[in-house]
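Here's the structure, in structure tokens; my notes come after.
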Amino acid sequence: MANSRASLAMERTGQVFPREIPTDVIVEVGEANFSLHKFMLIAKSNYIRKLIIESKEADLARINLSNIPGGPEIFEKAARFCYGVNFDITVLNVAALRCAAEYLQMTDLYCENNLCSRTEDFLSQVPLSSLSGALVVLKSCEDLLPMAEDLKIVQRCVDVASAKACVEANFPSRSPPNWWTEELTILDVSFFEKIITSMKSGGAKALTIASAIITYAERSLRDLVRDHSGNGIKSLDSGESDIRIQQRDLLQSIVALMPPEKAAFPINFLCRLLRTGIFLRAANICKNELEKRISVILEHATVDDLLVLSFSYDGERQFDHESIRRIISGFVEKEKNVSVFNGGDFKEASSTAMQRVAKTVDAYLGEIATSVDLSISKFNGIANLVPKGARKVDDDLYRAIDIYLKVSKMPTLLVSWITRIVDDLKLSYRVIYCRLIQI
């Protein structure tokens, strides 16, 4: 491939200069060799001029430019520029050409209308005039660091992209309205982080930031965040593979970007993200942050949301229920603080949110009660986290205990102990009737 590019370059130079003019220097760029003319290169590149002048060889015949940004493909275009051969500057190659021009010292101070100014003009007039263009250039900068940062290409792209993303979030120019969040998903997480940070500095709303983060997480961790069934995930559950390490680092970076507003994200998304964190063995600070966010809005959780946290991707093995315990405990503590602040008695009366969570937790216990791996201490521990005053009726809790006792077949002494959780006065007539029939 590299040799074919070199041949193409020679074909183009042959269109400008007679073939009888012999080349006098070979430029090495990686595995590619370009047979060129010194006087044409010197006319535009101060760097090559210095190499030739400062060389200890009387007649320098070979130059190594393997460190040039963009490699052989970009050097070929720079060489064409030196020879006056036309080539296309595009949003895909403009950053690399700008870096290569800087490397070769092809500035206007050395030669008027040189490659540096040509690429700068294109950069400001074309890609930096639109969100999509800025993002494509920014993406191309991933392989051009640190020079792309030194030349402020990265920062200019970030400034344009973040500003235009904020405008699109408030005044969508196309459908669907959140199309701009999809555009951001082409970026590496380090550049995505720069844009989100810039948007925050620009006053973007928490929901706007959350929208971008949700789309990015669902795209970059597609199988883990989107998948509920676990199809194809089971094979990744063992070992510390490179992919798993990359996914963990990515997840932790995404969570660190979340705005401080705890209620900015849907609880279903947070639960899926936390399950991903548990699966990937993310750092405790990452999982704790997600647990706190879920605790704050736990009244909006469904049984399915809690089940997402409880089972592995294959749907068979249960995760450690400590996350569920901490989430429920955090919510109860929050409700206590609110009650005390409002001068009420938390034990006597519970808020509507607390009652809703109590009902969800009891229904959740009924779903996990069939697991043979669920110990009595874990079952009892989760059930007792809900204050007794939060349950208007104990029907769902009774049902969960009944299922658990049938599956676990525990000794009579323990049966008596666990059934104390239920308040007989809070059972409906229907449940009491069914209970009498069983007796």
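In this chain, residues are counted from 1 in sequence order.
Of the possible polar contacts, none joining the Tyr404 side chain to the Leu365 backbone as a donor-acceptor pair under 3.5 Å is found. Panel note: side chain Ser211, backbone Leu207; no donor-acceptor pair is recorded below 3.5 Å. A donor-acceptor distance shorter than 3.5 angstrom exists from the side chain of Asn64 to the backbone of Ser66, with no hydrogens or angles considered. Proximity of a side-chain donor or acceptor of Thr23 to a complementary backbone N or O of Ser35 within less than 3.5 Å is not detected. The closest donor-acceptor contact from the side chain of Arg49 to the backbone of Ile42 lies at 3.5 Å or more, if one exists at all. Using a distance-only test at 3.5 Å, with no hydrogens or angles considered, a donor-acceptor pair links the side chain of Thr185 to the main chain of Glu182. Side-chain N or O atoms of Thr215 include none that pairs as donor or acceptor with a backbone N or O of Ala212 at under 3.5 Å. The main-chain N or O of Glu322 is never found under 3.5 Å from a side-chain atom of Lys378 such that the two would form a donor-acceptor pair. A distance-only check finds a donor-acceptor pair linking the side chain of Asn384 to the backbone of Asn380 [under 3.5 Å]. Proximity of a side-chain donor or acceptor of Asn93 to a complementary backbone N or O of Ile89 within less than 3.5 Å is not detected.
Salt bridge annotation for Arg272-Glu218: present, with a cationic side-chain nitrogen under 4.0 angstrom from a carboxylate oxygen. Under the 4.0 Å criterion applied to side-chain N and carboxylate O atoms, Asp249 and Arg244 are not assigned as salt-bridge partners. A salt bridge between Glu142 and Lys139 is present, with a side-chain N of the basic residue lying under 4.0 Å from a carboxylate O of the acidic one. A salt bridge links Arg326 to Glu291: at least one charged side-chain nitrogen sits closer than 4.0 Å to a carboxylate oxygen. We find that Arg98 and Glu102 are joined by a salt bridge, their nearest charged nitrogen and carboxylate oxygen being less than 4.0 Å apart. Between Lys44 and Glu112 there is no salt bridge, since no side-chain N of the basic residue sits under 4.0 Å from a carboxylate O of the acidic one. A salt bridge links Glu120 with Arg156: the distance from a Lys NZ or Arg NE/NH1/NH2 to an Asp or Glu carboxylate oxygen falls below 4.0 Å. Taking a cutoff of 4.0 Å between a charged side-chain nitrogen and a carboxylate oxygen, Lys292 and Glu289 do not qualify as a salt bridge.
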- How far apart are the C-alpha atoms of Ser190 and Asp188, what are their side-chain angles, what is the distance that settles it, and do they pass the side-chain hydrogen bond (donor to acceptor under 3.5 Å, both in side chains) test? CA-CA 6 Å; Ser190 61; Asp188 177 80; 2.6 Å; yes
- Derivation of the side chain to side chain contact (heavy atoms under 4.5 Å, CB included) call for Leu251 and Gln246: CA-CA 9 Å; Leu251 172 69; Gln246 290 172 6; over 6 Å; no
- Query: So Asp59 and Lys38, side chain to side chain contact (heavy atoms under 4.5 Å, CB included) or not? Walk me through it.
  - Reply: CA-CA 11 Å; Asp59 188 13; Lys38 290 179 186 175; 2.7 Å; yes
- Message: side chain to side chain contact (heavy atoms under 4.5 Å, CB included) for Cys157 and Leu128? Distances and angles first, verdict last.
- Response: CA-CA 7 Å; Cys157 289; Leu128 294 185; 3.9 Å; yes
- Any chance you could lay out the side-chain hydrogen bond (donor to acceptor under 3.5 Å, both in side chains) test for Asp108 and Asn114, step after step, and finish with the verdict? CA-CA 5 Å; Asp108 277 16; Asn114 216 336; 5.6 Å; no
- Stepwise, does the side-chain hydrogen bond (donor to acceptor under 3.5 Å, both in side chains) test hold for Tyr364 with Ser310? CA-CA 10 Å; Tyr364 164 75; Ser310 300; 2.5 Å; yes
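Residues Val94 and Val91 approach most closely at CG1-O, 3.9 Å, considering heavy atoms.
Under the 3.5 Å distance criterion, with hydrogens and angles disregarded, no donor-acceptor pair is assigned to the side chains of Ser132 and Ser130.
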Under 3.5 Å, which donor-acceptor pairs link side chains of residues 170-178 to any protein atom two or more places apart or in another chain?
| from | atom 1 | to | atom 2 | distance (Å) |
| --- | --- | --- | --- | --- |
| Asn170 | ND2 | Cys166 | O | 3.2 |
| Ser173 | OG | Glu168 | OE1 | 3.1 |
| Ser173 | OG | Glu168 | OE2 | 2.6 |

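Ring-centre distance between Phe379 and His321: not below the 6.0 Å cut-off.
Ring orientation note: the planes of Phe39 and His37 are nearly perpendicular, at an angle over 60° on the 30°/60° scale.
Legend: ring-ring contact (aromatic ring centres under 6.0 Å, His included) pairs involving residues 180-223, not counting sequence neighbours, sorted by first then second residue: Phe192-Tyr216.
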